[in-house]
Trainee: 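I have a structure I would like to understand better, so I am pasting it below and will then ask my questions one at a time.
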Amino acid sequence: MWTPEWVLSDGEIIRHADAKIHPLSLAVTYATTVFEGLRAYRRPEDGSYSFFRLREHIERLQVGMKVMRFDRRIEVDEMQEALSRLVRANSPDTDVYIRLLVFISGIGLMATKGPVSYFAVAQPRDKPRFAETGMQLGVSSWSRLSDNASPPRIKATANYHNARLTQLQAQADGYDGALMLTPQGKVSEAPIACFFMVRDGELITPSLGSNILESVTRDSIIRLYERRFGRPVIQREVDRSELYFAQEAFLCGTGQEIIPVVGIDRLPVGDGRPGELTRQVQAMYFDCVRRNVPDEWGWHTPLT
Ligand SMILES: Cc1ncc(COP(=O)(O)O)c(C=O)c1O
């Protein structure tokens, strides 16, 4: 397995040990960071790499930077070139997970808007722990952040305080993970992934108005599913008690990919094992990201 040695810092490739940030920067003091987790998948047949939905990840980052009023813009082409150099510099031989963090490196008052810097780090990722067995989730007593307080729609580091409290509570209570509810009591998402459930043959996911991150994987699953099965994914508000009616459930995200959910609040989901449709969605997703099927929507970006 390869070890990542090189980091991208504002376009320059530097050693891990040289990536530094000032303790008084706004990023450290006020969590003024917006970030992305994206992947470059390796095709085993020829060892080539391609970013999955790079454009959508950078566009979400751009909106995050805009909402946070950063005084800099980052362009998709610029990132395609820079992240390609980062991947090559690390000589990977497996899929690559990339963390791209854009932050205010300046020191000053809370409303300071710059200077803005970025780091990107490439890492190997083992297969997520629960991909085969599935997860046991508990509904958290922490509420999901609301859109008008700290919008979960953008991937701001500050939002992960809420996610972390939720995950820590779930673990303390003996669960593998958690589901968060909106302040109105509707199902939102997991701390680092979006939620889908199957009920009476329909695939259902909380709507974008349910205080969720605008997830790239969620969107990919919706489009792939609708094309493959010829039926819509139902995007709507989901009540907590509906969770107990689900025959299947799963979480999704760039890092997690697709993780079956086999129990919620110590009640089995369906028969308590990963469901059949969940397995089909997993296979459909991997066929897409690994480029085993034609790239209908232009989701794959080669390294430059
Ligand atoms: C809170 C949250 N929801 C959903 C997701 C999934 O988003 P994406 O599919 O864009 O990776 C993530 C992933 O990082 C997340 O942190």
Side-chain angles (χ1 to χ4, degrees), residues 31 33-41 51-64 67 76 79 83 95-102 120-121 123 125 128 130-131 135 137 139-140 142-147 149-170 177-182 186-197 205-225 233 235 238 249-259 261 281-282 284-286 288-289 297 299-301:
T33 303
V34 63
F35 72 108
E36 279 302 321
L38 62 141
R39 280 185 188 256
Y41 282 95
F51 298 112
F52 185 62
R53 304 198 70 177
L54 176 73
R55 170 167 298 281
E56 290 80 357
H57 280 285
I58 302 303
E59 284 174 354
R60 183 171 65 190
L61 186 78
Q62 287 170 340
V63 179
V67 173
V76 178
M79 271 304 141
L83 294 178
D95 295 338
V96 179
Y97 180 80
I98 297 167
R99 262 280 141 95
L100 167 60
L101 303 114
V102 184
V121 184
Q123 296 167 304
R125 267 251 169 147
F130 300 105
M135 286 180 104
L137 303 184
V139 173
S140 185
W142 293 105
S143 294
R144 184 58 170 148
L145 294 165
S146 59
D147 185 62
S150 183
R153 185 171 253 123
I154 62 168
K155 204 164 165 65
T157 301
N159 291 346
Y160 288 82
H161 174 54
N162 176 233
R164 186 167 177 274
L165 290 177
T166 302
Q167 182 63 26
L168 289 171
Q169 182 202 24
L179 276 178
M180 295 179 278
L181 304 181
T182 66
K186 305 294 178 185
V187 177
S188 179
E189 62 179 341
I192 53 165
C194 282
F195 178 74
F196 282 80
M197 61 182 243
T205 191
S207 51
L208 289 175
S210 304
N211 298 1
I212 64 172
L213 178 72
E214 289 216 0
S215 153
V216 175
T217 317
R218 174 184 178 279
D219 179 71
S220 304
I221 290 170
I222 291 171
R223 296 223 222 163
L224 290 167
Y225 177 90
V233 173
Q235 301 178 56
V238 175
F250 60 87
L251 299 180
C252 78
T254 301
Q256 303 300 304
E257 297 170 317
I258 318 274
I259 307 278
V261 174
V281 170
Q282 273 179 322
M284 178 183 80
Y285 185 73
F286 285 117
C288 171
V289 296
W297 290 296
W299 285 351
H300 301 289
T301 305

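Count residues from 1 along the sequence. Whatever order the structure lists them in is the order used to number ligands and atoms, beginning at 1.
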Trainee: Are more than 12 heavy atoms, taken from residues, nucleotides or ligands other than R55, located less than 6.0 Å from that residue's CZ atom?
Mentor: no
Trainee: Report yes if G255 has an N/O atom closer than 3.5 Å to an N/O atom of ligand 1; otherwise report no.
Mentor: no
Trainee: Does the side chain of S150 come under 3.5 Å of the side chain of N159 through a donor N or O and an acceptor N or O?
Mentor: yes
Trainee: For F130, what residues pass the ring-ring contact (aromatic ring centres under 6.0 Å, His included) criterion, not counting sequence neighbours?
Mentor: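 Result, ring-ring contact (aromatic ring centres under 6.0 Å, His included) vs F130: none returned.
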Trainee: Could you check atom 1 (C) of ligand 1 against the protein and tell me its nearest heavy-atom contact, residue, atom and distance included?
Mentor: P191 O, 3.2 Å
Trainee: Taking only heavy atoms of E189, which atoms of ligand 1 are found under 4.0 Å from at least one of them?
Mentor: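 It comes down to these atoms of ligand 1: 1 (C), 2 (C), 3 (N), 4 (C).
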Trainee: Under 4.0 Å, heavy atoms only, figure out whether ligand 1 is touched by the backbone of P152, its side chain, both or neither.
Mentor: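 Near ligand 1, P152 shows nothing, with every heavy atom at 4.0 Å or more.
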Trainee: Strictly by modelled atom types, are S207 and S210 linked by a side-chain donor-acceptor pair under 3.5 Å?
Mentor: yes
Trainee: Look at ligand 1 and say whether S220 reaches it with a heavy atom at a distance under 4.0 Å.
Mentor: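 Per 4.0 Å heavy-atom rule, S220 does not contact ligand 1.
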Trainee: Supply the atom-to-atom distance Y225 OH to S220 OG, rounded to the nearest 0.5 angstrom.
Mentor: 16.0 Å
Trainee: Can K155 be said to touch ligand 1, with heavy atoms closer than 4.0 Å?
Mentor: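 K155 counts as a contact of ligand 1 under the 4.0 Å cut-off.
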Trainee: Starting from atom 12 (C) of ligand 1, what is the nearest protein heavy atom, named by residue and atom, and what distance separates them?
Mentor: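 In this structure, atom 12 (C) of ligand 1 has I192 O, 3.3 Å as its nearest protein heavy atom.
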Trainee: Give yes or no for whether the N/O distance cutoff of 3.5 Å, strictly under, is met between R60 and ligand 1.
Mentor: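 There is such a contact, yes.
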Trainee: For the backbone of T254 and the side chain of R39, can you confirm whether one donor and one acceptor N or O come within less than 3.5 Å of each other?
Mentor: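 Yes, because the side chain of R39 sits within donor-acceptor range (under 3.5 Å) of the backbone of T254.
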Trainee: In terms of ring plane angle, is the pair F52 and H300 parallel, tilted or perpendicular, where the classes change at 30° and 60°?
Mentor: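 Plane angle between 30° and 60°, so tilted.
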Trainee: Got the closest protein heavy atom to atom 11 (O) of ligand 1, with its distance?
Mentor: T254 OG1, 2.6 Å
Trainee: By number and element, which atoms of ligand 1 are closer than 4.0 Å to a non-hydrogen atom of Y160?
Mentor: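 Within the 4.0 Å cut-off of Y160, ligand 1 contributes 1 (C), 2 (C), 15 (C), 16 (O).
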Trainee: Using a strict cut-off of 4.0 Å, indicate which atoms of ligand 1 neighbour a heavy atom of C194.
Mentor: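 Going through ligand 1 atom by atom, the ones under 4.0 Å from C194 are 4 (C).
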Trainee: Counting only heavy atoms closer than 4.0 Å, does ligand 1 sit against the backbone of V216, its side chain, both, or neither?
Mentor: both
Trainee: What do you reckon, are the aromatic ring centroids of Y160 and F35 less than 6.0 Å apart?
Mentor: yes
Trainee: Flag T217 as yes when one of its N or O atoms lies below 3.5 Å from any N or O atom of ligand 1, and as no otherwise.
Mentor: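 Right, the criterion is met.
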Trainee: Would you say S215 has any N or O atom under 3.5 Å from an N or O of ligand 1, going by distance alone?
Mentor: yes
Trainee: If the condition is side chain to side chain contact (heavy atoms under 4.5 Å, CB included), which residues does K186 pass it with, not counting sequence neighbours?
Mentor: T182, E237, D239
